[in-house]
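One structure is given here, and the rest of the page talks about it.
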Amino acid sequence: MDDGSSGSPGTLVLGEAERALIARRSRVGLFRALAAQAFTGMLVVLGAWGIAGKDAGVSALIGAGAYFVPNTLFALRLLLGYFGPKRPGSLAFFWGEFLKLLIVAGVVVLVAWRWGGWLNWLAFLLGLLGVMKGYVVLLALRRLP
């Protein structure tokens, strides 16, 4: 029985309008995630600064930046892929995610080696985790794409 679709049985065939909607929602979702991560990171930085002083605030800022900067670069790379002639595949996503985590680990090691003496480790780790878990803000506000 031929239903006129061009895909094999069980294959979802999307039209241009559906693809454009999915691409738009993906882009908006990336920006929302980055904004939520920036928001939670700054909350941790301000909280650390207010509770434990300047060194703790700077430590939290370094921790937040250790994850936020590589994650932002990865998100920009994904966004650029949406505008190119060929969309990034799942393999590109996983390699990008691997590279991002490798860079974050390298930054953590570099920070420990270079500034480990004065760094407030609790504030640093809270800054790092605050940015990593920024999507919780989106969950709380029910703004996930």
Side-chain angles (χ1 to χ4, degrees), residues 5-8 10-145:
S5 67
S6 61
S8 61
T11 301
L12 178 64
V13 179
L14 298 175
E16 279 302 313
E18 290 91 359
R19 286 187 191 144
L21 179 63
I22 291 170
R24 183 182 167 279
R25 288 187 70 196
S26 296
R27 290 188 301 268
V28 169
L30 279 173
F31 284 119
R32 282 184 184 164
L34 290 173
Q37 288 177 332
F39 176 75
T40 56
M42 290 314 298
L43 279 180
V44 171
V45 169
L46 293 174
W49 194 307
I51 293 170
K54 179 183 158 191
D55 284 349
V58 172
S59 297
L61 181 64
I62 293 169
Y67 192 83
F68 186 75
V69 171
N71 194 51
T72 301
L73 293 173
F74 179 52
L76 290 174
R77 167 62 182 97
L78 290 175
L79 285 170
L80 288 175
Y82 283 118
F83 296 112
K86 184 179 176 191
R87 303 282 188 256
S90 58
L91 190 59
F93 174 82
F94 287 115
W95 276 111
E97 187 70 23
F98 174 74
L99 183 61
K100 176 187 78 173
L101 293 175
L102 194 64
I103 291 170
V104 171
V107 168
V108 170
V109 168
L110 179 67
V111 165
W113 174 69
R114 182 71 175 105
W115 297 301
W118 69 264
L119 194 73
N120 182 322
W121 282 98
L122 178 60
F124 175 81
L125 292 174
L126 287 175
L128 185 70
L129 290 172
V131 172
M132 287 174 73
K133 299 302 175 188
Y135 66 87
V136 172
V137 172
L138 296 177
L139 283 172
L141 298 174
R142 295 189 174 142
R143 299 294 294 171
L144 285 174

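No hydrogens, no waters, no symmetry mates; every other heavy atom, side chains included, goes into these values. Throughout, residue positions are numbered sequentially from 1 according to the sequence presented.
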Derivation and outcome, side chain to side chain contact (heavy atoms under 4.5 Å, CB included), residues T72 and L34: CA-CA 7 Å; T72 301; L34 290 173; 3.6 Å; yes

Main-chain N/O of G130 paired to T40 side chain as donor or acceptor, under 3.5 Å: yes

From K133 atom NZ to Y67 atom OH, the distance as rounded to the nearest 0.5 Å: 8.0 Å

Where A60 and A48 come nearest, the two heavy atoms and their spacing: CB-CB, 3.9 Å

Check against side chain to side chain contact (heavy atoms under 4.5 Å, CB included), L99 and F74: CA-CA 9 Å; L99 183 61; F74 179 52; over 6 Å; no

Gap separating the CG atom of L78 from the CG atom of L30, nearest 0.5 angstrom: 6.0 Å

From L125 atom CG to M132 atom CE, the distance as rounded to the nearest 0.5 Å: 10.5 Å

Side chain to side chain contact (heavy atoms under 4.5 Å, CB included) evaluation trace for L126 with W121: CA-CA 8 Å; L126 287 175; W121 282 98; over 6 Å; no

Flag side-chain contact, heavy atom, 4.5 Å: V58 against W118: yes

Residue pair A56 / A123: nearest heavy atoms and the distance that separates them: O-CB, 3.2 Å

Distance (rounded to the nearest 0.5 Å) between K54 NZ and L61 CG: 12.0 Å

Where A66 and V104 come nearest, the two heavy atoms and their spacing: O-CG2, 3.4 Å

Shortest non-hydrogen separation from G41 to V131 and the atoms involved: CA-CG2, 3.7 Å

Trace of the side chain to side chain contact (heavy atoms under 4.5 Å, CB included) decision for V69 with I103: CA-CA 10 Å; V69 171; I103 291 170; over 6 Å; no

Distance, nearest 0.5 Å, that separates CE of M42 from CH2 of W49: 9.5 Å

